[in-house]
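This report concerns only the one structure given below.
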Protein chains: 2
Amino acid sequence: MNKRDDMIAGAARAFEAEGFRGIGVDGVLAFSGASTRTLYKQFGSRDGLVLAVLEKRHRDFMARLDRRIGNGGPLGELFDTLEQWLTEHGARGCMLLRAHGEYASANGEIVALVRRQKEEFEREIARRVETVLGFADAALATQVWLLFEGATAIASVSDLSVVGSAKHAAGVLMLAAQGRSS
Amino acid sequence: MNKRDDMIAGAARAFEAEGFRGIGVDGVLAFSGASTRTLYKQFGSRDGLVLAVLEKRHRDFMARLDRRIGNGGPLGELFDTLEQWLTEHGARGCMLLRAHGEYASANGEIVALVRRQKEEFEREIARRVETVLGFADAALATQVWLLFEGATAIASVSDLSVVGSAKHAAGVLMLAAQGRSS
DNA sequence: GATGGTGTAAAGCGATCGTTTTACATTGCA
DNA sequence: TGCAATGTAAAACGATCGCTTTACACCATC
């Protein structure tokens, strides 16, 4: 019954470790023990499975954000959630952006999906910035987003402490924005 | 004579557009018109070509930094150079980090090279931070690095204006660091 | 004017790619 | 009890993969 979910979870681990184009269908399926027949019945194609993995990945992270992890307010939660996420999943760069890069000229549907997901994520950050400041500040939201994605990327070649650095920098930028408004 | 350079330049364009694992040897060579024979004589293997591309890419960007582009001081130059670079090469995410992700479990030499390159880049930022502040501030250097890599990544799904946002945020963080020291 | 370095053209190596297909087992619902 | 859905196992499709090899052309230097 949850075979479909097993395949998505297994494929996510496979793509995380080997990259989206670096592993074949058989290799991906080995992570969940499913057969090729089931893959094509459930997802239609290999790319269909990729889309399902990306959708679940984004949905899971957004849901995790709602758990209000940590104690640094709406913006601090953002980075505390990221640190917890990277601890659990390993830091290999944002899976969505990796797919965006690997399928840039091979699958427009995947590219479009990731763009939509990132727009949604930026809006979520803007919402949190407005909650903290009491007024909207699109420029600050973008800067916090930059710190977030920078930490996600750099953690793969450095260590998880960069997430704390990003959190701290976001706090400094926020205080500066508050100072300018008073 | 410059056939080797042609192959590296062509391969860089190929990998930029299709990803490192998303295009075959024949496709890569079509960008420079070279033959497979020449590839294996010059680079030994496909991965050898990848290493050469990454080395040249890093060296070229570091050399570009020395041209002191823009007028925002050592830190402003960093982001002005990035913006010029992305305008010329297109914004598809950092090629080095893309390679690091795609070869994470397939080629340790590539992974190690990128790690070294990123360490060197972080030191370059730290050097510039110290020049501006008059004293070393490793935490600030890391934060500027986060903004830089975040802008590089996000420009691929947004637009180049995020580089200006990163530059501005770096300026705010620097002023805050100066304030703390006085 | 032979030689060695560097290049192209093209065929072929075994392996693997994404996908389809055939054959059969299990399960839940009518 | 019977049927449809869902699953596995395994073979095979043509295409493409990274790589090797054979054969030949150019062009500088000694």
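Heavy atoms only: backbone and side chains are in, while hydrogens, waters and symmetry mates are out. Chain letters run A, B, ... following the sequence lines, proteins first and then strands; every chain starts at 1.
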Protein-nucleotide distance ([X], atom [atom1]; [N], atom [atom2]), rounded to Å:
X       : N      : atom1 : atom2 : answer
B:Tyr40 : C:dG5  : OH    : C1'   : 21 Å
B:Arg21 : C:dC17 : CZ    : P     : 10 Å
B:Met7  : C:dG7  : CE    : P     : 8 Å
B:Asp26 : D:dC19 : CG    : C1'   : 10 Å
A:Glu18 : C:dC17 : CD    : P     : 11 Å
A:Leu39 : D:dT8  : CG    : C1'   : 14 Å
B:Gln42 : D:dC19 : CD    : C1'   : 17 Å
B:Asp6  : C:dT8  : CG    : C1'   : 14 Å

Both A:Gly27 and A:Gly44 contact DNA chain C. Taking the nearest nucleotide for each, which residue is further toward the 5' end? A:Gly27

Any idea which of [options] is nearest the [X] side chain?
X       : options               : value
B:Ser45 : C:dG18, C:dT8, D:dC19 : D:dC19
A:Arg37 : C:dG18, D:dT8, D:dT21 : D:dT8
A:Val25 : C:dG7, C:dT19, D:dG7  : C:dT19
A:Lys41 : D:dT8, D:dT6, D:dG18  : D:dT6

Judged by modelled atom types alone, do A:Arg57 and A:Gln117 share a side-chain donor-acceptor pair under 3.5 Å?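 No.
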
Apply side chain to side chain contact (heavy atoms under 4.5 Å, CB included) to the pair B:Phe61 and B:Thr81, showing each step before the final yes or no. CA-CA 9 Å; B:Phe61 187 82; B:Thr81 301; 4.1 Å; yes

Is the closest basic N to carboxylate O distance between B:Glu77 and B:Arg68 below 4.0 Å?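 Answer for the salt bridge query: yes.
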
If hydrophobic clusters are built from ILVMFWY residues whose side chains come within less than 4.5 Å, do B:Leu49 and B:Val25 share one?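 Yes, B:Leu49 connects to B:Val25 through the hydrophobic network.
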
Which part of the nucleic acid, if any, lies within reach of [X] when heavy atoms closer than 4.0 Å are counted: base, sugar-phosphate only, or nothing?
X       : value
B:Ile23 : sugar-phosphate
B:Thr36 : base
B:Leu49 : nothing

Member of A:His58, A:His100, A:Glu149 meeting the side chain to side chain donor-acceptor pair (under 3.5 Å) criterion with A:Lys118: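 Testing each of A:His58, A:His100, A:Glu149 against A:Lys118, the sole residue satisfying side chain to side chain donor-acceptor pair (under 3.5 Å) is A:Glu149.
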
